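This structure is a prediction, so every number in the text was calculated from the model and none was measured.
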Amino acid sequence: MDKNIVNSFFITTPIYYVNARPHLGHAYTTIVADCMARFNRLMGRDTFFLTGTDEHGEKIVQAAEKNGQDPQTFVDGVSALFQGLLPVLNAANDAFVRTTDSRHKQVVQKILQKVYDSGDIYFGEYGGHYCYGCERFYTEKELEDGLCPQHKTKPEYIAEKNYFFRMSKYQGWLKQYILDNPDFIRPERYKNEVLSLLESGALEDLCISRPKSRLSWGIELPFDRNFVCYVWFDALLNYISALDWPDGEHFKKYWPGAQHLVAKDILKPHAVFWPTMLRAAGLEPYRNLNVHGYWLVRDTKMSKSLGNVVDPLSMIDRYGVDSFRYYLMREMHFGSDASFTEESFITRLNADLANDLGNLMSRVLSMNARYFGSIAPSPKLITEVDQELVNFACESMARFQRLFDGVCFSVALESLWALVRGLNKYVDGAAPWTLYKNGDMDRLSTVMHLLLNALYKIAVHVWPVMPQTAQTMLEQLGMGHLAGAGPKGALGVNLAEELESWNNVRPGTRVAASSALFPRVDAKPKEETARRPAGADKKSAAKVATGAEKGAEKGAEKGAGSRAEKDHSGQTEKGPIAFADFQKLDLRVGTILEASRHPNADKLLCFKIDLGEAAPRQILSGIAQYFAPEELVGRQVVVVANLPPRVIRGLESQGMILTADRADGIELLSVSGPVGAGAAVS
RNA sequence: CGCGGGAUGGAGCAGUAUGGUAGCUCGUCGGGCUCAUAACCCGAAGGCCACAGGUUCAAAUCCUGUUCCCGCAACCA
């Protein structure tokens, strides 16, 4: 199959795991996918845009229980939230797949059976040597003299039989395939990461089942009713089940042009598991895996403490969905991380959208109204300056198209905006107001004709990112008939052909007399300025910034929640408890006698604390990044004294030091005056 | 020596697969214009492209080493 003749385009988002509500990360992935889908439609490619929800697994069962619902009801509810986000983002998907769809289940079972029949799924033992201290399994190799390398204790052998996919078998093939297809995984840094992953460690086989006794909310294995499918063989297959594999028309038409879009946290499943699964099932690999980074959002705690919660998604209500889409596409260099701030959002909105584009549209339409009664004039003599403008426009558009195709959205938009600025410059150079004053109507016609047509070019190119704006522009340019005239609601335009013609807004066309696409936003977000201490010197200001970023890491929003990943939203809701429960806590004040770094862990400090007992207690605490051990000696802290001892990284901890969170760090809980060691807290 | 990413004018980022005058936006300063959303246009200041070696006629770009940041993984009782 010659890839160059493929003229279909199939773009997917990951299916979002329904244990969390939609956030910025989901929104970004969805918007990028939508922009790509729209762009490809305009390029004349037969396009299919798929998104959906991932609905099986243990966490779902738990979450449903907590809500007092059965899993299916729970899942229906959250999935609806994700579906509801699509119109808000103005995402025009062609299908929405759910892993609880019966069609999906059938496909999963069919593929499982197929791979099983071909011998690439086998029944084996899962886990093995389980160390309770580490809460993990060890392989024979990792054990030292049969003991846990951390705790030097004998781990318990836990046998759980499970089914495995013979993934290791395809390691060599995959590596070669990636080398032979340099843009298979892009941007390049992620390709390198996958390659090094394949080179460094031997690829292990993939456990693909869970016994029903432990997990019932999943798809049954067709060859063993006692097991359900675990995570990836279920989730990844949505990409083909939604296309009606194996015989569906959609599958035949779109699979050859398949492109996946994911956040970097699920690189491995998509770059390694998925291609090998496809290979094992006898299917062609997808065409490209496009990997993006995270949006770093300032810690929400920080905003809350200022009484001003800033939810990125609320920007849509505040500033409009098109600005939001533009900001995300323009601000993040695809593949890298970027930070989301209202401040930079407003800067972009004002500079690029209001000042450059909106104002350009406004001044051109307004002049044309004044000079030609809002009728598009006809071109007369094309001068050298005019020709230069046209050439520049064509270069910019061609560059935009090439870059957008290559997933470099921000640079692509930058290129288009070079044209926008070029047009503003052209206006100044041509000075239509002077021409008008001098009665040079021929020249004036030519200039205005070029401007109107250039605006048309901008409008159609901007459509993938800002559909509403593009439509408004086209309507104002008298070209409203193009909106929705293309396949599946796209513009009736072929972008590739736009590079050749230059007479779309025909002389005689009635255009609008004025335009206000993007009103300027003057208000600076208050909390941005309030946050910086006024008299802070450089050093401490830098620290504040670092602290803010630290917090931001926690708030980093991934595009693609996956079941395999840990649930970081550990905020359990705390209902009322009985007073008796509170009384069970043995809280005491202790004096820190010694403090040192844990020899074998980055985040842990090791303390000797006097609780008024015969011997001081050894207590570990994960606060090494906030405090130097020396500065803590002698301090009095509040300790939970009746927790069971626990070994962490090889050292036993006999209690817990209490701390309070702050935006840029933490503080130790202490007492307002000295008390005796071991004083009870009540 | 766990894996990986990064260091480019005040801020945020391109540029690094194919070495050849250091580019963009914001910000600052000066000027211009008046059609426009106090917008637009022009000009200026501001960079030994983290550091040190090496290859080369030529290095932000290639090679080696170093420092500092940041993710992920392991621990946060």
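- In this structure, A:Met361 atom CE and B:rC35 atom C1' are separated by 15 Å, rounded to whole Å.
- For the residue pair A:Asn192 and A:Glu188, no side-chain donor N or O sits within less than 3.5 Å of a side-chain acceptor on the partner.
- Looking at which nucleotide of RNA chain B each of A:Lys264 and A:Ser339 is closest to, the 5′-most match is held by A:Ser339.
- Looking at heavy-atom distances under 4.0 Å, A:Ser344 makes no contact with the nucleic acid at all.
- Salt-bridge annotation for A:Arg421 and A:Glu414: absent, with no side-chain N of the basic residue lying under 4.0 Å from a carboxylate O of the acidic one.
- Here the side chain of A:Arg189 is nearest to one of B:rU34, B:rA14, B:rG5, namely B:rG5.
- Nucleotides B:rU18 and B:rA11 place their C1' atoms 33 Å apart, quoted to the nearest Å.
- Using a 4.0 Å heavy-atom criterion, one finds that A:Ser362 contacts the bases of the nucleic acid, with or without backbone contacts as well.
- Using a 3.5 Å distance cut-off with no hydrogens or angles, the side chains of A:Thr591 and A:Asp610 do not pair a donor with an acceptor.
- The nucleotide whose nearest atom lies closest to any side-chain atom of A:Ser336 is, among B:rA14, B:rC24, B:rU37, B:rA14.
- When distances run from any side-chain atom of A:Asn424 to the nucleotides B:rC75, B:rU37, B:rC40, the shortest one goes to B:rC40.
- Residue A:Val411 has its side chain nearest to B:rA14 when only B:rA14, B:rG12, B:rU25 are considered.
- Nearest nucleotide to the A:Met656 side chain, out of B:rG12, B:rC26, B:rA77: B:rA77.
- In this structure, A:Arg520 reaches the bases: a heavy-atom distance under 4.0 Å links it to at least one base atom across the strands shown.
- Using atom C1' as the reference point in both B:rC35 and B:rC40, the two lie 10 Å apart (nearest Å).
- For the C1' atom pair drawn from B:rU16 and B:rA77, the interatomic distance equals 48 Å after rounding to whole Å.
- Using a 4.0 Å heavy-atom cutoff across all strands shown, A:Arg330 reaches no nucleic acid atom at all.
- Side-chain atoms of A:Gln476 and A:Ser515 form a donor-acceptor pair, as typed in the model, at a separation below 3.5 Å.
- Between A:Tyr319 atom OH and B:rU37 atom P there is a gap of 22 Å when expressed in whole angstrom units.
- Remark: the A:Asn359 side chain and the A:Ser362 side chain contain no N/O donor-acceptor pair separated by less than 3.5 Å.
- Of the options A:Leu416, A:Leu423, A:Ile458, A:Asn424, a side chain to side chain contact (heavy atoms under 4.5 Å, CB included) to A:Leu357 is made by A:Ile458 and by none of the others.
- Note: CG (A:Leu413) to P (B:rG12) measures 22 Å, nearest angstrom.
- Residue contacts shown for A:Asp356 are limited to sugar-phosphate atoms, with no base heavy atom under 4.0 Å away.
- Whole-Å rounding puts the A:Arg363 CZ to B:rC33 P distance at 14 Å.
- Listed by chain and number, the residues in a side chain to side chain donor-acceptor pair (under 3.5 Å) with A:Arg520 are A:Asn355 (sequence neighbours excluded).
- Spacing between B:rG47 and B:rU21 at atom C1', rounded to whole Å, works out to 15 Å.
- Taking atom CG of A:Asn192 as the reference point, atom P of B:rG5 lies 7 Å away to the nearest angstrom.
- Cation-pi check for A:Lys264 over A:Tyr294 is met; the charged atom lies under 6.0 angstrom from the ring centroid and within 45 degrees of its normal.
- At whole-Å resolution of the value, NZ in A:Lys425 and P in B:rC24 are 11 Å apart.
- Aromatic ring orientation, A:His461 versus A:Phe400: perpendicular (interplanar angle above 60°, classes split at 30° and 60°).
- Taking every side-chain heavy atom of A:Asp428 into account, B:rC40 is the closest of B:rC26, B:rC40, B:rA77.
- Classification of B:rA17 as syn follows from a glycosidic angle within 90° of 0.
- A:Gly655 comes within contact range of the sugar-phosphate backbone alone, with a heavy-atom separation under 4.0 Å but no base atom that close.
- Taking every side-chain heavy atom of A:Trp433 into account, B:rC33 is the closest of B:rC75, B:rC33, B:rG12.
- Side-chain contact annotation: A:Tyr426 with A:Asp386, donor-acceptor N/O pair under 3.5 Å present.
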Subject >> Which nucleotides of RNA chain B pair, in dot-bracket form (Watson-Crick or G-U under 3.5 Å, | meaning another strand) >> reply: .(((((((.[[[[.)....(..]]]].(((((.......))))).....[[[[[..)....]]]]])))))).....
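- To the nearest whole angstrom, the two P atoms, one in B:rA7 and one in B:rA60, are 15 Å apart.
- Residue A:Asn355 places no side-chain N or O under 4.0 Å from the OP1 or OP2 atom of B:rU37.
- Here A:Phe518 lies in heavy-atom contact (under 4.0 Å) with a base.
- B:rA44 sits 39 Å from B:rG5 when the P atoms are compared, rounded to a whole Å.
- Nucleic acid contact class of A:Leu517 (heavy atoms, under 4.0 Å, all strands): base.
- Of the candidates B:rC35, B:rC24, B:rA77, B:rC24 carries the atom nearest the A:Glu414 side chain, counting heavy atoms from C-beta on.
- Side-chain atoms of A:Ser344 and A:Thr341 form a donor-acceptor pair, as typed in the model, at a separation below 3.5 Å.
- Across B:rC24 and B:rG32, the matching P atoms stand 24 Å from one another, rounded to whole Å.
- Contact check, A:His333 against B:rA14: a side-chain N or O comes under 4.0 Å of OP1 or OP2.
- The residue among A:Ser515 and A:Ser410 whose nearest nucleotide of RNA chain B lies closer to the 5′ end is A:Ser410.
- Among the nucleotides B:rA77, B:rU25, B:rC40, the one closest to any side-chain atom of A:Asn359 is B:rC40.
- In this structure, of B:rU37, B:rC24, B:rA77, it is B:rU37 that holds the atom nearest to the side chain of A:Ala354.
- Taking atom CG on A:Asn438 and atom C1' on B:rC35, their separation rounds to 15 Å, with Å as the unit.
- Rounded to whole Å, the P atom of B:rC26 lies 22 Å from the corresponding atom of B:rA22.
- One can place CH2 of A:Trp295 at 21 Å from P of B:rC70, the figure rounded to the nearest angstrom.
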